[in-house]
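To start, the structure itself, in structure tokens.
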Amino acid sequence: MTKFKEFWSNESGATAIEYGLIAALVSVAAIGALTAMGDSLETLFSTVSGSLDEATG
């Protein structure tokens, strides 16, 4: 019975799971933010590329 109580009160695995969940949420947020910025970055680089082409050509 003592071993069962020790096993039940051990929370080290729960902490690892919590850190895993936090890392997963941060990853999802980063992917979402980068996806949302993708179109605006593509437009920005296209504008810069066009300006450079005009300046050198």
Side-chain angles (χ1 to χ4, degrees):
M1 193 64 155
T2 305
K3 290 287 186 184
F4 181 72
K5 287 181 181 179
E6 288 176 15
F7 176 75
W8 192 256
S9 65
N10 185 356
E11 296 183 2
S12 62
T15 303
I17 291 172
E18 290 169 356
Y19 282 129
L21 289 173
I22 290 170
L25 288 174
V26 168
S27 298
V28 168
I31 290 170
L34 292 174
T35 301
M37 288 177 33
D39 292 335
S40 63
L41 285 176
E42 184 178 354
T43 303
L44 174 67
F45 285 125
S46 295
T47 303
V48 170
S49 176
S51 297
L52 289 174
D53 284 343
E54 289 176 11
T56 60

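These numbers were taken from a predicted model, which means no experiment stands behind them.
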Open item on the list: Keeping Ser27 on the side-chain end and Ala23 on the backbone end, is there a donor-acceptor pair under 3.5 Å?
Closed with: yes
- [ ] Locate the shortest heavy-atom distance separating Thr35 from Ile31; write the atom from each residue and the value.
- [x] OG1-O, 2.7 Å
Open item on the list: Hydrophobic clusters here meaning ILVMFWY residues chained together by side-chain heavy-atom distances under 4.5 Å, can you tell me if Leu34 and Val26 are in one?
Closed with: no
Task: From CG (Leu52) to OG1 (Thr47), nearest 0.5 Å - done: 11.0 Å
